[in-house]
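Here's the structure, in structure tokens; my notes come after.
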Amino acid sequence: MASTATMPYDFLRQIVYARSYNVLDPTHDYLFETRLARLMRDRGMTQVAELVEHLQQRRNPDLEWAIAEAMTINETSFFRDIRPFELLRTELLPSLIEARCGVKRLRFWSAACSTGQEAYSLAMVVREHFSHLSSWEIRIEGTDIAKETVARASSGLYHRIEMNRGLPARNLVRFFDRYGEDWVVKDEIRQLCRFRQVNLCKSPIPFSERFDVILLRNVMLYFCRETRHELMRQVHRLLAPDGVLLLGAAEQPVDMSLWQACVRGGTCIYRPKSSE
Ligand SMILES: C[S@@+](CC[C@H](N)C(=O)[O-])C[C@H]1O[C@@H](n2cnc3c(N)ncnc32)[C@H](O)[C@@H]1O
């Protein structure tokens with residue numbers, strides 16, 4: 001049997017899977033060195049093998065979580081893959097607004113929101129193009145497994161480089177304030193959004209009310225088939241019968257018997273089929 005000294009990455013991949021259900025590709029093992037560098041430095045360690053040995057000697061749930069979090073891919077940007085946001089503006093929101101004019105309420109969920117750009121992009125679409133909704137109850141829930149990214153999303157604080165990725169100049173001027181070298185979202189936008197830490201792979205997902213729009217983009221690609229299958233069942237349960245699910249451009253539901261796919265404006269949207 002190979003010793004763990006030669007297999008530290010297998011051990012770390014198992015830890016990541018046990019916590020976040022992310023399946024890491026062994027061809028990317030080199031990423032452990034860079035992503036775990038800070039975490040190891042903080043604990044006076046220099047080698048991945050040392051970290052593994054430490055964990056094999058004594059269980060340390062906090063450290064295991066920190067490893068899983070450090071290995072998440074948090075890549076995101078404002079108005080990422082612009083087309084879903086265009087479709088929301090031109091078609092999806094107008095018809096949902098018509099359908100909800102009795103209750104004057106809309107609920108959105110940016111699942112796996114990373115540092116919050118997706119949720120704030122949605123808030124900007126609502127405030128910029130649907131100003132008559134100011135008296136409505138609009139709630140955008142942003143959730144992510146990684147504590148640090150959730151904290152960053154809540155802060156609404158972005159570096160110049162992040163602002164330069166996808167954010168139209170008019171939105172910068174209208175919806176952000178200067179904060180030293182950085183920019184911070186204005187209250188008008190922030191008030192619509194709420195962020196919290198949620199593991200999408202831990203059932204049940206802690207929401208009881210249904211959403212009108214769910215964005216579950218660029219996260220399912222890190223999960224295995226069974227995890228995706230269970231997650232999509234949960235998402236189906238949490239989506240209003242006339243609601244819309246938006247996935248990442250490279251993603252699709254495992255079980256199409258629950259979903260009706262439809263291509264609009266170059267974007268595939270999914271509507272829930274009745275599960276009866
Ligand atoms: C590539 S980002 C996608 C961000 C955004 N949805 C987008 O498309 O720009 C993937 C996010 O999924 C989160 N994530 C990974 N596994 C998760 C899990 N089990 N539960 C919740 N979030 C998870 C990561 O922390 C990361 O922030």
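Computed over heavy atoms, backbone and side chain alike; hydrogens, waters and symmetry mates excluded. When a ligand or atom number is given, it counts from 1 through the structure's own listing order.
- In terms of polar-atom proximity, Ala111 is not counted as a contact of ligand 1, lacking any N or O under 3.5 Å from an N or O of the ligand.
- A salt bridge is absent between Glu230 and Arg225; no separation between the charged side-chain nitrogens and carboxylate oxygens falls under 4.0 Å.
- Regarding atom 20 (N) of ligand 1, its nearest protein heavy-atom neighbour is Leu200 N, 2.9 Å.
- Short contacts between ligand 1 and Arg217, defined as distances under 4.0 Å to a heavy atom of the residue, involve ligand atoms 3 (C), 5 (C), 6 (N), 7 (C), 8 (O).
- Distances from atom 2 (S) of ligand 1 to the heavy atoms of Thr115, Leu215, Ile205, Ile73 put Ile73 nearest.
- Looking at Thr72 against ligand 1, only its side chain comes within 4.0 Å, counting heavy atoms.
- In this structure, CZ in Arg139 is found 8.5 Å from CG in Leu192, a value given to the nearest 0.5 Å.
- Counting only heavy atoms of the protein, atom 9 (O) of ligand 1 lies nearest to Thr76 OG1, 2.6 Å.
- Salt bridge status for Glu118 with Arg217: present, with a side-chain N to carboxylate O gap under 4.0 Å.
- Look at Gly248 and you'll find every heavy atom at least 4.0 Å from all atoms of ligand 1.
- Every atom of ligand 1 with a heavy atom of Cys201 under 4.0 Å away is listed here by number and element: 19 (N).
- Residue contacts with ligand 1 include Val198, since one of its heavy atoms falls under 4.0 Å from the ligand.
- When each of Phe78, Trp183, Tyr120 is checked for a ring-ring contact (aromatic ring centres under 6.0 Å, His included) with Phe176, only Phe78 meets the rule.
- The single protein non-hydrogen atom nearest to atom 7 (C) of ligand 1 is Arg80 NH1, 3.2 Å, given as residue, atom name and distance.
- At a threshold of 4.5 Å between side-chain heavy atoms, the hydrophobic network of Ile, Leu, Val, Met, Phe, Trp and Tyr places Val235 and Leu122 in two separate groups.
- Among protein heavy atoms, the minimum distance from atom 18 (C) of ligand 1 is reached at Asn199 OD1, 3.6 Å.
- If you number the atoms of ligand 1 from 1 as listed, the ones under 4.0 Å from a heavy atom of Asn22 come out as 15 (C), 16 (N).
- At the shortest separation from atom 13 (C) of ligand 1 among protein heavy atoms lies Asp144 OD2, 3.3 Å.
- The protein heavy atom nearest to atom 17 (C) of ligand 1 is Ile145 CG2, 3.6 Å.
- Atom numbering of ligand 1 starts at 1 in the shown order; those under 4.0 Å from a heavy atom of Ser20 are 19 (N).
- Of all the heavy atoms of Tyr21, none lies under 4.0 Å from any atom of ligand 1, so neither backbone nor side chain is involved.
- Against a heavy-atom cut-off of under 4.0 Å, Ser114 is close to the following atoms of ligand 1: 4 (C), 27 (O).
- The aromatic rings of Phe85 and Phe79 sit perpendicular to each other, their planes meeting at more than 60°, with 30° as the lower class boundary.
- A salt bridge links Asp242 with Arg100: the closest approach of a Lys/Arg side-chain nitrogen to an acidic carboxylate oxygen falls below 4.0 angstrom.
- Which parts of ligand 1 touch Glu118 is read off a 4.0 Å heavy-atom cut-off, strictly below it: atoms 5 (C), 6 (N), 7 (C), 8 (O).
- The existence of a salt bridge linking Asp177 and Lys186 is confirmed by a sub-4.0 Å separation between a basic side-chain nitrogen and an acidic carboxylate oxygen.
- In terms of N/O distances under 3.5 Å, ligand 1 is approached by Ala112.
- The pair Arg228-Glu251 does not meet the salt-bridge criterion, since no charged nitrogen lies less than 4.0 angstrom from a carboxylate oxygen.
- Heavy-atom distances between Thr149 and ligand 1 stay at or above 4.0 Å for every pair.
- A salt bridge links Glu91 and Arg264; the closest N-O separation between the charged side-chain nitrogens and carboxylate oxygens is under 4.0 Å.
- Geometrically, ligand 1 and Phe223 share no nitrogen or oxygen pair separated by less than 3.5 Å.
- Phe108 has its ring centre no less than 6.0 Å from the ring centre of Phe211.
- Between Tyr222 and ligand 1, not a single N/O pair is under 3.5 Å apart.
- Contact check on Arg107 versus Glu137 returns no salt bridge, with no Lys/Arg side-chain nitrogen under 4.0 Å from an Asp/Glu carboxylate oxygen.
- Shortest contact from atom 8 (O) of ligand 1 to any protein heavy atom: Asn218 ND2, 2.8 Å.
- Scored by the side-chain hydrogen bond (donor to acceptor under 3.5 Å, both in side chains) test, Glu86 finds Arg89 as partners (sequence neighbours excluded).
- With respect to the salt-bridge test (charged N to carboxylate O, under 4.0 angstrom), the residues Arg38 and Glu148 qualify.
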